[in-house]
Amino acid sequence: MTLENNIIQYTIQAVKELYGACLDAHQVTLQETRKEFQGQITVVTFPFIKFSKKSPEQTGQEIGAYLKIKIDEIIDFNVIKGFLNLSASDNFWVSRLNDIGDEGFGIFSANGKKILVEYSSPNTNKPLHLGHVRNNLLGFSVAEILKSSGYEVIKANLVNDRGIHICKSMLAWQLFGNGETPESTGLKGDHLVGKYYVIFDQQYKIQIQRLIAEGQTEEDAKKNAPLINSAQQMLLNWEAGEEQTLALWKKMNDWVYSGFNVTYNKLGVDFDKFYYESNTYLLGKDTVEEGLKNKVFFKKPDGSVWIDLTADGLDEKLVLRADGTSVYMTQDLGTAELKYHDFKMDESVYVVGNEQDYHFKVLFLILNKLGKSWAKGLHHLSYGMVDLPSGKMKSREGTVVDADELIDEMMRTARERTEELGKVENFSAQEKEELYRMIGLGALKYFLLKVEPKKRLLFDPKESIDFQGNTGPFIQYTHARIKSVLTKGNYQKHQSAFYSSELKALERDLIVILNKYPDTVKSASAEYSPALIANFTFELAKAFNKFYHEEPILKADEEDVKQFRLELSAATAMVLKKGMKLLGIEVPDRM
RNA sequence: GCACCUGUAGCUUAAUUGGAUAGAGCACCUGACUACGGAUCAGGAGGUUAGGGGUUCGACUCCCUUCAGGUGCACCA
């Protein structure tokens, strides 16, 4: 029984005994006591005054007195308007520290539930850019958070490895590539393929202009340009399984995959399962059959299959073409079934940009109407686009912030910044590289993850990402600083913390924050929000630095005070490290 | 045109899901024991929470409306 639960239970009891009303647990709201007032935990008593028929102050006094008698840990209280501020004893907080310092603190035991997180899902015609980076970091972090809160997690990547856009790169390479390979050019495979995707678009535009000059309308020119026709023919050849086309496709996709692997490794993301659209794009027709049988879908005279969602405020939606071929929805219905067949997971999260909000709304609705038992566990983690000051990023036009370049740039900045500070003279060359990698990536990841997923993000390449204030390096620095003190103080983990004198306010504040970590993990998991973890680690690091500045640790007057503060510092370092790990960020011991 | 999302200090953002005087960081100004690590800490200035109405003890949060930005409304994926 936690103290919080105790307070809720006894508050219910108090309202019953004093005012004769029965409350539900969720009618009692607790919150942190604001720091300008005495106490740590606050009960909002406004809702009770309709039962007490007394002023908020009077009501708070009565309930406060009741709680103080009933709960040992509560040693004091004060009332301000409708807020009952409770103070717990120092003994209570010191004893909390024993749990907080535990390895398993904030890591929940298995809840028996399985969840699949699908993220990344790149197209194989171009390298990854900043938008993909946001997706990858979000997906990875959410997976870590879910693990920490007790789920069994499967990380899946549904690779879009076929389609007209892939054929465009293939065709351009065939026509203009002169047999270039990653080896011959020294280019990363995904960049080489992306280069031909751009070339396709340039040449295509030239052809369009030529046709327009010859008197065609723009619309006709776009349809009649030889390049686009060849690309479409190539797609047909691919679908027909034509050998040469398949060989080219395989060769270029392999280039891309080795390029992606490098980027994934640098970002520190990984996957348990890969799905390829070349294997799944024909799925879903059985599901359509099933839907027809159940009268969830209907057939139009031309033979195309639809679902009527007008009763749900949406439109009619096509699920199968008249000629029996699939559309995007068909494929996603089939893939959803496949994933469930493979893993029997209780829940499934799709990390996909908000431009597909409507698609997923419809997809989930259809699966629900089809009566799939697992459909209610589906969730679209929608995130906002990353825009540049100049507007949207467009791969075709080359106006993107490339993932690899960005990562390199971040590491370079980390190097410059660190060298300016002159703190790494005694690091080996290898240690330095490792450190710049940690700091550069830490800054980038934190920058992208501290913002709520659904908000759109503006990224200005000219303004480099900060290393001070609410940033990854600030938290990394705090961790390194603590480690340094622990080393100097010859810190050994003790069986249990004890403290003979009164807690200092900053010490108590720090424990109160540390104590919130498990709840923060739970909320972040329920809301799929790494931003909550980021905010927490920042709040914690800030509180520690404040404490560190005001209260001597190694130079404390009493030995037990010194030991206690070392214990408190060690616990802080551990929780910072855990929190950052959930964001996919490593923390150095020195920096 | 219809639907969905977003709008908080100059910039980037938070607010325990309806609770206290809207809290931070950057940038700007002032200061910190000749340091247990200054990538830090303390202080100052900066707000009509896009505008207007409503709901109630109480609204950044819920409802209505106007405005601004974004996205979607393909027999593309």
Side-chain angles (χ1 to χ4, degrees), chain A residues 29-37 42 44-47 49-50 56 80-83 85 121 123 160 162-166 277 281 302 304-306 313-315 318-323 325-332 353-359 361 382 384-385 387 392 414 417-418 420-421 423 439 443 447 450-452 454-458 460 463 465-471 473-478 480-489 516 519-520 523 527 531-532 534-535 538-539 541-542 544-556 562 565-566 569 590-591:
Chain A
T29 45
L30 297 188
Q31 57 187 26
E32 277 171 62
T33 304
R34 294 183 70 117
K35 56 174 178 251
E36 57 266 40
F37 304 111
T42 294
V44 183
T45 56
F46 282 113
I49 59 177
K50 61 183 162 208
I80 291 157
K81 294 192 279 186
F83 299 93
N85 303 321
S121 304
N123 294 339
N160 185 347
R162 49 139 252 131
I164 190 72
H165 48 294
I166 317 285
E277 286 198 15
Y281 82 109
D302 69 352
S304 57
V305 182
W306 297 73
L314 306 173
D315 300 320
L318 178 87
V319 294
L320 195 70
R321 292 194 188 104
D323 64 4
T325 56
S326 301
V327 288
Y328 183 33
M329 190 58 76
T330 326
Q331 186 187 129
D332 263 10
N354 64 10
E355 51 202 350
Q356 297 200 40
D357 284 356
Y358 186 77
H359 173 75
K361 206 172 181 179
S382 165
M385 298 289 102
D387 289 324
K392 272 196 88 162
R417 190 82 190 92
T418 307
E420 270 170 37
L421 294 171
K423 291 183 179 179
I439 296 176
F447 177 81
K450 76 173 180 187
V451 182
E452 220 179 286
K454 71 178 169 185
K455 290 204 176 181
R456 81 184 247 275
L457 208 65
L458 193 74
D460 190 345
E463 287 178 32
I465 293 175
D466 266 317
F467 284 66
Q468 284 171 358
N470 188 0
T471 66
F474 169 78
I475 293 156
Q476 291 172 319
Y477 169 76
T478 307
R481 189 185 220 189
I482 294 172
K483 283 296 188 181
S484 164
V485 175
L486 295 180
T487 306
K488 287 205 176 116
K516 288 194 302 186
D519 281 346
T520 307
S523 310
E527 295 172 38
L532 294 179
N535 288 333
F538 177 59
E539 189 190 0
K542 221 169 27 154
F544 179 84
N545 282 321
K546 196 170 190 164
F547 155 74
Y548 175 90
H549 198 262
E550 299 294 323
E551 310 291 353
I553 298 170
L554 301 178
K555 294 178 189 162
K562 174 180 161 186
R565 287 180 180 163
L566 280 171
S569 303
R590 298 188 298 160
M591 69 183 271

Which word best sums up how the rings of A:F83 and A:F46 line up, parallel for under 30°, tilted for 30 to 60°, or perpendicular for over 60°? perpendicular

Want to settle it: does A:K81 or A:I439 sit nearer the 5' end of RNA chain B, counting the closest nucleotide to each? A:K81

Any base atoms under 4.0 Å from A:D460, or only sugar-phosphate, or nothing? Heavy atoms, all strands. nothing

Answer yes or no: side-chain N or O of A:T471 and base N or O of B:A39 forming a donor-acceptor pair under 3.5 Å. no

In whole angstrom, give me the gap between the P atoms of B:A20 and B:A59. 10 Å

Base-contact (B) and sugar-phosphate-only (S) positions in nucleotides 69-77 of chain B, heavy-atom cut-off under 4.0 Å, - elsewhere: --SSS-BSB

Tell me what A:T478 touches on the nucleic acid: a base, only sugar-phosphate, or nothing, going by heavy atoms under 4.0 Å. nothing

Under 4.0 angstrom between A:K546 side-chain N/O and B:A42 OP1 or OP2: yes

Sugar-phosphate only, base, or nothing, as touched by A:E551 at under 4.0 Å among non-hydrogen atoms: base

When you check the phosphate oxygens OP1 and OP2 of B:A22, does a side-chain N or O of A:R34 lie under 4.0 Å from one of them? no

Assign A:F538 to base, sugar-phosphate, or nothing according to its heavy-atom contacts below 4.0 angstrom with the strands shown. sugar-phosphate

With the stacking rule set at 5.5 Å and 30°, tell me whether A:F83 counts as stacking on B:A20. yes

Base paired to B:G38 (Watson-Crick or G-U; both N/O distances under 3.5 angstrom): none

According to the Watson-Crick and G-U wobble definitions, with both distances under 3.5 Å, which nucleotide is paired to B:U56? none

Spell out, as yes or no, whether a donor-acceptor pair under 3.5 Å connects the side chain of A:R162 to the backbone of A:E277. no

Please classify the nucleic acid contact of A:V485 as base, sugar-phosphate, or nothing, using heavy-atom distances under 4.0 Å. sugar-phosphate

Verify the contact: side-chain N or O of A:K450 to OP1 or OP2 of B:A14, cut-off strictly under 4.0 Å; return yes or no. no

Distance-only donor-acceptor test (3.5 Å): side chain A:T418, base B:A39: yes

So do A:N354 and A:M385 actually touch side chain to side chain, heavy atoms under 4.5 Å? yes

Once you apply a heavy-atom cut-off of 4.0 Å, does A:A480 come out as touching a base, just sugar-phosphate, or nothing? base

Watson-Crick or G-U wobble mate for B:G1, both contacts under 3.5 Å: B:C73

Would you list the protein and nucleotides 49-51 of chain B atom pairs, both N or O, that sit under 3.5 Å from each other?
none

Hey, are A:R456 and A:D387 close enough for a salt bridge, meaning a charged N less than 4.0 Å from a carboxylate O? yes

Any side-chain N or O of A:K555 less than 4.0 Å from the OP1 or OP2 oxygen of B:C36? yes

Base, sugar-phosphate or nothing for A:K50? Non-hydrogen atoms, less than 4.0 Å. nothing

Side-chain donor/acceptor of A:K450 to backbone N/O of A:N470, under 3.5 Å: yes

No-H, no-angle donor-acceptor pair, A:N545 side chain to B:A39 base, under 3.5 Å: no

Determine the contact category for A:E36: base if any of its heavy atoms lies under 4.0 Å from a base atom, sugar-phosphate if only primed atoms, P, OP1 or OP2 are that close, otherwise nothing. nothing

Residue A:F46, side-chain heavy atoms: nucleotide from B:U12, B:A24, B:C57 that is nearest: B:C57

Just to be sure I understand the rule, does A:F467 reach a base, reach only the sugar-phosphate, or reach nothing, if contact means heavy atoms closer than 4.0 Å? base

Considering only NZ, NE, NH1 and NH2 on the basic side and carboxylate oxygens on the acidic side, decide whether A:E539 and A:K542 come within less than 4.0 Å. no

Output yes when at least one side-chain N/O atom of A:K423 is less than 4.0 Å from OP1 or OP2 of B:A39, else no. yes

Which nucleotide, in any strand shown, forms a Watson-Crick or G-U wobble pair with B:C26, with both distances under 3.5 Å? B:G10

Touch check for A:L486, heavy atoms < 4.0 angstrom, all strands: base, sugar-phosphate only, or nothing? nothing

